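Residue numbers start from 1 in every chain, and the chains themselves are labelled A, B, ... in the order their sequence lines are given, proteins ahead of strands. Predicted model, so just to flag it, every value in this text is computed and none were measured.
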Amino acid sequence: MNIALLTSEIAVVILALLIIVFDLLMPRQEARRSLGYFAVCGLLGILVYTFNQHGASATVYHGFFVVDKFALFFKQLFIVATILTLLFSFDYIEGLTHNTGEFYALLLLSLVGMMVMASANDLLTVFVGLELMTIIFYILVGFDLRSSKSSEAGTKYLILGSAASAVLLYGMSWVYGFTGSIVLSEIAAHITASPAMLLGLGLMLAGFCFKMSIVPFHMWAPDVYEGAPIPVTAMLAMASKAAGVAVLLRVFLVAFADLQAYWLTIVSLLAGLSMIVGIIVAIWQTNTKRMLAYSSIAQAGYILSGLLAADAAGVKGMLFYAVLYMVANVGAFAVTTAVNNQYGSDKIDDLSGLSQKSPFLAVVMTVSLLSMAGLPPMAGFVGKMYIFMAITDKGYFWIAMLGLVMSMVSVYYYMLVVKVMYSKEAKNQQEFTASVSLRIVALISLIATLFIGIYPGPLAELANAAARSLW
Amino acid sequence: MIGLVHFLTVAAIVFAIGLYGVLSKRTIVGILMSIELMLNAVNINLIAFSRFITPEVLTGQIFAIFTITVAAAEVAVGMAMIFRVYYDRNTVHAARLDEMRW
């Protein structure tokens, strides 16, 4: 048994525990910002270490836990997302609560859950990783003790999330019963298209779609995104969704590949519905976080549609899209955080006049939103192109067309936000301040979005290698 | 003779009752209890499959232990959340969680 494969997960757990201990040892009145920097530095070290694991393709614990390029790709994505989220949220978290140390520790533990999910090679590990991530997110969503919205969002997420987990588990129990195994490759070997098996598959699909907020399992997303503290919303949108994608891909392409004929149609309908509902409903939103929630539902639809290709090209598109979606969201949420630090609310109206007060942040927001809408030369265009090319090859032309039309519609509501920033007068003449680390994150997001859009080669290569390691 | 089908039927009934409870219960505590029912239905399923399908390995029973543990953690967080809601609104009625919609 090669325990060294688990090093990065163990390291993150130790980092989280260290932060809890330091938090207890530090004098009560001292600021906890140092703990945040400590977490960022630790994660950077772990990120560098994960590159060391490249090329590995091995399993531990009787095939329960696998480390391959696919898992590493997602782990690095999660770690980068966490680092960037931590960096842009120092001021916000300190204004939110006195227990900032706890907040950082919880965020890191949810990261462990995601990393376990990316490596999960059997249903039990999938379940444990998923629950580790979601239970911690229940706590984080309800972390804002001053706001009744936060507790409401946390409770809604808890109830719907646990119900979805129960449905997912019930599906898993049927799959286990009719294949006699929970390891994905052995499930694939014993799979038959019996009704009970299909019931299990359908229930599992519903459970995963809940985590990815695919229509019609999206009802929780807008409320939870609106009520949660902004860094938590950002992590939910970027990392938790990507973790759902990782698990969904591994389970459906490794274990259920032979039942493609049954799930492809359902997946295409779910993806199409998500694009339509996410984009149409977003038009009427007045809250930035809620607007981004609906936008994330639509983006989840785009990512899910890549599964229709069921081959390396489609998976490559999905991985590529997950990265660029993360990068664009970091920018959008960083700007939202800066505005919230200033005005204390998340209305789209609060963005008015941002172009005069902070031209740089306005540009970052614009580029992020247009990247999500899929306009060239931003990264979103290339990502959509990869996915649509892959699924058109497999005969899903209608989904590609629908995606194209919907992304044109989405330009409309993203431009509404841009219009508010550029043409409306600011509400007051107060000086606009944003911390250096937040500006750095915004800059990283801006550069990465444009770089990936103009020069997608390197990332596409990485995504391609990761996608191929699934087979 | 009681066989696999009996266990699966009981599990299905318990799961359906739980699902109905989640959708129809008025208080958050009741909803949490219904979720527990759903999870316990899964446990019955897992242990029955483990006993009848793979009697030589204990996969299903181990899985059930994990499910019980996770369910306990979920309820612990759930109770904390209910205290918060009660503190904010003086009620645990699910219908009163209506500050955010559309």
* Rounded distance (nearest 0.5 Å) linking atom CE of Met172(A) with atom OG1 of Thr67(B) -> 9.5 Å
* Do Val85(B) and Glu152(A) have side-chain heavy atoms sitting under 4.5 Å apart? -> no
* Asked: Counting heavy-atom pairs under 4.5 Å to chain B, which of Lys149(A), Lys156(A), Glu131(A) comes out on top?
  -> Lys149(A)
* Would you mind checking which part of Leu32(B) comes under 4.5 Å of any heavy atom in chain A, side chain (CB onward), backbone (N, CA, C, O), both or neither? => side chain
* What part of Ala12(B) lies closer than 4.5 angstrom to a heavy atom of chain A: side chain, backbone, both or neither? -> both
* Of all of Val22(B), Leu4(B), Val77(B), which one pairs up most often with chain A through heavy atoms under 4.5 Å apart? -> Val77(B)
* Contacting region of Leu160(A) [heavy-atom separation from chain B under 4.5 Å] -> neither
* More than 12 non-hydrogen atoms from neighbouring residues, nucleotides or ligands closer than 6.0 Å to CZ on Phe52(B), yes or no? -> yes
* Asked: In Å, rounded to the nearest 0.5 Å, how long is the span from CD1 of Ile159(A) to NZ of Lys25(B)?
  -> 13.5 Å
* Asked: Looking at Gly18(B), Ala48(B), Ala80(B), Gly60(B), which has the largest count of heavy-atom pairs under 4.5 Å with chain A?
  -> Gly60(B)
* To do: Report the C-alpha separation of Tyr176(A) and Thr54(B) in whole Å, then their side-chain angles, then the decisive distance to 0.1 Å, and conclude whether the side chain to side chain contact (heavy atoms under 4.5 Å, CB included) test is met.
  => CA-CA 10 Å; Tyr176(A) 160 61; Thr54(B) 57; 2.9 Å; yes
* Among Gly142(A), Gly180(A), Ser162(A), residue most engaged with chain B (heavy-atom pairs, under 4.5 Å) -> Ser162(A)
* Structure fact -> Of the listed Leu46(B), Val70(B), Asp98(B), Ile53(B), the one with the largest count of heavy-atom pairs under 4.5 Å with chain A is Val70(B)
* Structure fact -> When the 4.5 angstrom heavy-atom criterion is applied to Ile31(B) and chain A, the contacting part is side chain
* Identify, with sequence neighbours excluded, every residue that meets salt bridge (charged side-chain N to carboxylate O under 4.0 Å, His left out) alongside Glu74(B). => none
* **Full working for side chain to side chain contact (heavy atoms under 4.5 Å, CB included) between Met100(B) and Asn287(A)** => CA-CA 11 Å; Met100(B) 294 174 288; Asn287(A) 181 300; over 6 Å; no
* Structural part of Leu132(A) lying under 4.5 Å from a heavy atom of chain B -> neither
* Structure fact -> Cut-off 4.5 Å, heavy atoms of chain A, and the answer for Ser34(B) is neither
* Structure fact -> So, the part of Arg96(B) with a heavy atom under 4.5 Å from chain A: the answer is neither
* Asked: How far does OG of Ser147(A) sit from CG of Asp88(B), to the nearest 0.5 angstrom?
  -> 7.5 Å
* Structure fact -> Note: Met38(B) and Ala166(A) closest approach over all heavy atoms is CB-CB, 3.7 Å
* chain A contact via Ser50(B) - side chain, backbone, both or neither, heavy atoms under 4.5 Å -> both
* **Proximal component of Phe63(B), with respect to chain A [non-hydrogen, under 4.5 Å]** => both
* About how many Å separate CG of Asn45(B) and OH of Tyr170(A), when rounded to the nearest 0.5 Å? -> 5.0 Å
* To do: Nearest 0.5 Å please: distance from the OG atom of Ser148(A) over to the CD atom of Glu99(B).
  => 3.5 Å
* Structure fact -> Heaviest contributor of heavy-atom pairs below 4.5 Å to chain B, chosen from Leu123(A), Leu124(A), Ile135(A), is Leu124(A)
* Structure fact -> When rounded to the nearest 0.5 Å, the distance separating CD1 of Ile82(B) from CG of Leu158(A) is 8.0 Å
* Going by residue number, which parts of residues 189-206 of chain A are within reach of chain B, meaning a heavy-atom gap below 4.5 Å? -> none
* Report, as yes or no, whether the 6.0 Å neighbourhood of atom CD1 on Ile2(B) holds more than 12 heavy atoms from other residues, nucleotides or ligands. => no
* To do: Begin from the C-alpha positions of Arg84(B) and Leu145(A) and carry the test side chain to side chain contact (heavy atoms under 4.5 Å, CB included) through to its verdict.
  => CA-CA 8 Å; Arg84(B) 286 268 341 263; Leu145(A) 291 175; 3.4 Å; yes
* **Per-residue contact mode, Asn43(B) against chain A (heavy atom under 4.5 angstrom)** => neither
